[in-house]
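Here is the structure we will look at, set down as structure tokens.
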Amino acid sequence: MVAPGRAQRPGASARADLDLPTEEELISCPFCEGREERTPPETFAVRPEGGEPNTPGWTVRVVPNLYPVFEHHEVVVSTPRHVRSFADLGEDEVAGVALAWRERARTARADGFPYVHALLNEGREAGASLPHSHTQLAWLKGEPPAVQAEETGSDCSVCRHLEAELESGERVILERNGLVLLASYGGRLPYELLIAPLEHVEGSAFESELLAAALGLVSESLRRLHALEGPAPVNAWLHDRGHWHLEVLPRRTVFAGIELGAGIYVNSLAPEAAAAALRDPKQPDRKKN
């Protein structure tokens, strides 16, 4: 359901804690460079050849989650510098996250975990416990239910969806590097987004040359959204089967009894309006760190 008037109700909007960090936060953050002893020992890191594990000098670092949901549940620290949002990452930093995802997915498969659920939680209301930009990797023994529900045999539902969206153009925000960024048709919340390869690509996203560019679109879409509406809590995740894709769900409003109890999602912003707002080419563009 699209109901614009719902945006005016008291308590409808949510804003992430993504303003400038406090001095106390900068002193206490365990993900910042130089505080490696405050996390579990790293399972992967990118640092100069010969560098000692669990010491400064890294550019991206992976550590076990202190509060895991699964047997293998890891945190990918995006950058040694203290930034709160994936939107604040430079191109090289995004590429480092993609590299870490790829290497850890390879290790997971070698250890008997064929599916890795990669995700971003940003802002306390979206489930993030620390404000330093990071993503998470959950190693699974099989595909999760949401991914299984998308599979329709030989008929690729994502291909059909993209074909219709590209023909219409109403909800297309941009096309770049063989990828498309869309405002999701039937989005559950305002500015829900879909990022996918334009062509059906066989194989895992973790091994795709498009992964870094796809994560770059996550970063850019969040920058555009911050410029339009200010920072908000956000969740994003990768579905790595069939026509792989990333889904981005800004948590600008909250789910209530209609959504949770009836399964009817009430969106206060039509996806066509969201796409039109996010197409603005004058948004900031961070090419390098």
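Since the structure is predicted, the reported quantities are computational estimates derived from the model, not experimental observations.
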Residues, nucleotides or ligands: over 12 heavy atoms within 6.0 Å of Glu199 CD: no
Gap between atom CZ of Arg171 and atom CG of Leu182 - 0.5 Å precision: 8.5 Å
Taking all non-hydrogen atoms of both residues, which atom of Arg252 and which atom of Ala232 are closest, and how far apart? NH1-CB, 2.9 Å
Got a second to check how far Ser85's OG is from Glu122's CD, nearest 0.5 Å? 3.5 Å
Say you draw a straight line from CZ of Arg61 to CZ of Arg47; how long is it, rounded to the nearest 0.5 Å? 7.0 Å
Less than 4.5 Å apart, any side-chain heavy atom of Glu71 and any of Trp139? no
Please name the pair of heavy atoms, one in Arg251 and one in Leu189, separated by the smallest distance, quoted to 0.1 Å. CD-CD1, 3.9 Å
Does the ring of Phe113 carry Lys141 above it, NZ/CZ under 6.0 angstrom from centre and within 45° of its axis? yes
Check Val172 against Glu165 and note the closest heavy-atom contact, atom names and distance. CG2-O, 3.6 Å
His245 and ring pair (Phe, Tyr, Trp, His ring centres under 6.0 Å): which single residue from His239, His161, His200 fits? His239
Is the backbone of Glu143 close enough, under 3.5 Å, to the side chain of Gln148 for a donor and an acceptor to pair up by distance? yes
I want to check something: taking the side chain as every heavy atom from C-beta on, are Leu198 and Leu162 in contact at a cut-off of under 4.5 Å? no
Should we say atom CD of Glu163 is surrounded by more than 12 heavy atoms from elsewhere, each under 6.0 Å from it? no
Give the minimum heavy-atom separation between Glu150 and Ser157, together with the two atoms involved. O-OG, 3.3 Å
Can you measure from CD (Glu74) to NE2 (His134) and round to the nearest 0.5 angstrom? 13.0 Å
On a heavy-atom basis, the closest approach of Ala128 and Asn121 is CB-O, 3.4 Å
Is there a donor-acceptor pair closer than 3.5 Å between any side-chain N or O of Ser133 and the backbone N or O of Ser78? no
